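Remarks on the structure that follows.
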Amino acid sequence: MAENNNTVQDLSELLQVRRDKLAALIEEGKNPYEITKFNFDSYAADIKADFEGFDGKTVKIAGRMMSKRVMGKASFASVQDTTGPIQLYVRRDDIGLDEYAAFKKFDIGDIVGIEGFVFKTQTGEISIHVHKIDLLSKSLLPLPEKFHGLTNNDLRFRQRYVDLIMNQDVKRNFLIRAQFIKFMRNYLDERKYIEVETPVLNTIVGGAAARPFVTHHNTLNIPMYMRIATELPLKRLIVGGMDRVYEIGRIFRNEGMDPKHNPEFTTVELYEAYADFHDMMDIAEGIISGAAKEILGTYEVEWLGEKIDLTPGWRRLTMVDAVKEYVGIDFGAITDDAEAVAAAEKIGVELAETADKTWGNALYACFDQRVEEKLIQPTFITMYPVEVSPLTKASPADPRLTERFELFVCHSELANAYSELNDPIVQRERFLKQLELRERGDDEAEMLDEDFLTAMEYGMPPTGGMGIGIDRAVMLLTNSDSIREVILFPTMKPLD
């Protein structure tokens, strides 16, 4: 306990020293917070990548001081800008006696602006020989100890700003995320898709099976729901004649949190008139494999301890065939509901309490509980039972199944797509079935959307639609084992 008290006391003294330094600067008329701008012209990474082009050239850079080693009349320091670190060489005779004395009082974490020429030290390190250095902002809190950085994951996610300062790989994850979204936009724009925006607040819930976040609109005095999907508004646009649309947006689901789930996450949903789920498979494969090749330079990636091959030509497997291959039950040879349920129960698979005891629910339960975890390489699982696909067009070959797929990589779902149901009469029947499930206690079932049905009654063309989880796609491209590694500010439980 005494040691902890000493640590707290030492920290308090350190904080006070920094505040005293700031007070002294203000008293001298050198308040760093009054500086509004610094005209830098170079980045650390560019200098290090092209030393021959920068050798001897005078540059201006700005960044955070990450280390400092004072040696009498000369010192070495490291400054980190948005592209990475670079070494500084600071001599008293070059910057002046007063300026050098001021520099010696700078703290690790301070923001500085530097002017000097580029050179290589005797050890071969590319550096900047400083002839002017300005304090642009004072750091009043010390950074974590440099050799261990910020390693506590809970603290990393709560204080992402410190995480980004101390851990360069973290910044790389979010650069890849930005590049992935840019690639995806270009991919869809080149195919004549139009990017749109739809409401985040809705008067009813629809477009997915999930619990919503509920809020209240004071003026209208009605409950409103944060969207759980963008599907139904986007399909209204298809009805309206916007034949190819997509939206990249935040989705909110009142669900649990684990390495693959966060209550708010980002998806892209896209819809194309006169297309079907086969076309969506081609687009999903094109976006993810193309992004890997462009951003990482390879189709070979590692994720969750597995080597993944994203080379185009991914496997396409019906759910019936997947269950037959991985579990040994041939649902294609079963026609009776009771026989299907019995086959599932025989291998220890149980249907959800609210689920009807049907062939389709038994097939899906076997896949969900026994097959999904075995899918490592990119695999499209197709032809889902109608019971779990209320917005999907039934297969002409087997009305128990729908033209739907989910894309799995490393037993994780990355995309979900349909040949969209465009029969308003059947859609109403499906909605009414979902209402029945709600009455049984399934609060994730779809709600009846009369306006959407009205839109469909005007005529909706055959349409392919798909949603891709951007966070999980970025997890794949960055070899991240938690969704919190690819969301800048993940949801965290409040501290006591």
Side-chain angles (χ1 to χ4, degrees), residues 10-48 51 53-147 149 162 165-166 168:
D10 291 344
L11 180 59
S12 298
E13 291 176 358
L14 179 60
L15 299 182
Q16 189 58 52
V17 166
R18 293 196 176 206
R19 280 159 176 76
D20 290 344
K21 288 181 180 180
L22 175 61
L25 288 169
I26 293 173
E27 188 175 344
E28 295 170 11
K30 299 178 180 178
N31 185 350
Y33 300 136
E34 291 181 351
I35 298 173
T36 60
K37 187 174 182 179
F38 181 82
N39 291 314
F40 70 94
D41 58 21
S42 303
Y43 287 107
D46 294 338
I47 295 171
K48 295 166 94 170
F51 173 71
F54 281 93
D55 187 15
K57 180 180 177 182
T58 296
V59 296
K60 292 181 179 181
I61 69 166
R64 187 181 300 273
M65 193 158 67
M66 301 300 292
S67 67
K68 186 177 69 169
R69 183 160 49 100
V70 177
M71 303 181 300
K73 298 180 181 180
S75 301
F76 285 96
S78 174
V79 165
Q80 178 173 287
D81 67 12
T82 191
T83 66
I86 192 165
Q87 180 172 270
L88 307 180
Y89 177 59
V90 186
R91 286 201 323 168
R92 187 186 67 181
D93 294 345
D94 293 322
I95 68 172
L97 188 63
D98 292 341
E99 287 75 10
Y100 191 70
F103 164 75
K104 289 167 65 176
K105 295 179 182 178
F106 290 0
D107 290 307
I108 305 304
D110 286 351
I111 308 294
V112 295
I114 298 103
E115 183 176 340
F117 65 86
V118 178
F119 78 112
K120 267 187 185 178
T121 65
Q122 292 181 347
T123 59
E125 183 165 358
I126 297 171
S127 307
I128 298 176
H129 190 127
V130 177
H131 52 75
K132 189 173 187 345
I133 183 166
D134 295 314
L135 179 64
L136 305 179
S137 182
K138 186 69 186 165
S139 174
L140 300 180
L141 288 173
L143 294 175
E145 195 271 324
K146 67 177 182 178
F147 292 106
V162 182
I165 293 169
M166 301 304 300
Q168 287 295 296

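All values below come from the heavy atoms of this structure, side chains included, with hydrogens, waters and symmetry mates left out. Everything quoted here is computed from the prediction, not taken from an experiment.
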*Hey, does Val118 have a side-chain heavy atom less than 4.5 Å from the side chain of Ile126?*
yes
*Where do Ile95 and Lys132 come nearest, in terms of heavy atoms and distance?*
CG2-N, 4.0 Å
*Do Ser127 side-chain atoms and Glu125 backbone N/O form a donor-acceptor pair below 3.5 Å?*
yes
*asked:* Can you give me the closest heavy-atom contact between Leu88 and Val79, atom names plus distance?
replied: CD1-CG2, 3.3 Å
*Measure the shortest side-chain to side-chain distance between Leu97 and Arg92 over non-hydrogen atoms and say whether it is less than 4.5 angstrom.*
yes
_Distance-minimising heavy-atom pair for Arg91 and Ala74_ = CG-CB, 4.0 Å
_Looking at Thr83, is its backbone amide N or carbonyl O close enough to the side chain of Asp81 to form a donor-acceptor pair, meaning the two atoms are under 3.5 Å apart?_
yes
*Rounded distance [0.5 Å steps], CD1 in Ile61 versus CD1 in Ile128*: 3.5 Å
*Any side-chain heavy atom of Pro32 sitting closer than 4.5 Å to one from Leu22?*
yes
*asked:* Once rounded to the nearest 0.5 Å, what's the spacing between atom CZ of Phe51 and atom CZ of Phe119?
replied: 9.0 Å
Donor-acceptor pairs under 3.5 Å, side chain of residues 34-47 to any protein atom, not counting sequence neighbours: which ones?
unit_1	atom_1	unit_2	atom_2	d
Asp41	OD1	Lys60	N	2.8

*Going through the distances and angles, do Leu140 and Leu15 end up as a side chain to side chain contact (heavy atoms under 4.5 Å, CB included)?*
CA-CA 6 Å; Leu140 300 180; Leu15 299 182; over 6 Å; no
*asked:* Looking at every non-hydrogen atom in both residues, tell me the closest pair between Phe103 and Ser75 and how far apart they are.
replied: CE2-CB, 3.6 Å
_Once rounded to the nearest 0.5 Å, what's the spacing between atom CD of Gln87 and atom OG of Ser67?_
8.0 Å
*Intermediate values then yes/no, side chain to side chain contact (heavy atoms under 4.5 Å, CB included), Lys68 and Val90*: CA-CA 10 Å; Lys68 186 177 69 169; Val90 186; over 6 Å; no
*Would you mind listing every ring pair (Phe, Tyr, Trp, His ring centres under 6.0 Å) that reaches into residues 67-94, with sequence neighbours excluded?*
Phe76-Tyr89, Tyr89-His129
*Apply side chain to side chain contact (heavy atoms under 4.5 Å, CB included) to the pair Ile133 and Glu99, showing each step before the final yes or no.*
CA-CA 8 Å; Ile133 183 166; Glu99 287 75 10; 5.8 Å; no
*Please walk me through it: do Met166 and Met66 pass side chain to side chain contact (heavy atoms under 4.5 Å, CB included)?*
CA-CA 9 Å; Met166 301 304 300; Met66 301 300 292; 3.9 Å; yes
*Give the minimum heavy-atom separation between Ala77 and Met65, together with the two atoms involved.*
CB-SD, 4.1 Å
*Could you tell me whether Glu27 atom CD has more than 12 heavy atoms of other residues or ligands within 6.0 Å of it?*
no
*Say you draw a straight line from NZ of Lys30 to CG of Asp134; how long is it, rounded to the nearest 0.5 Å?*
10.5 Å
*Taking C-beta and beyond as the side chain, do Tyr33 and Ile26 meet within less than 4.5 Å on heavy atoms?*
no
Between side-chain atoms of residues 104-115 and protein atoms elsewhere (two or more places apart, or another chain), which donor-acceptor pairs fall under 3.5 Å?
unit_1	atom_1	unit_2	atom_2	d
Asp107	OD1	Lys21	NZ	2.8
Asp107	OD2	Lys21	NZ	3.4
Asp107	OD2	Lys138	NZ	2.6
Asp110	OD1	Ser139	N	2.9
Asp110	OD2	Asp107	N	2.7
Asp110	OD2	Lys138	NZ	3.0

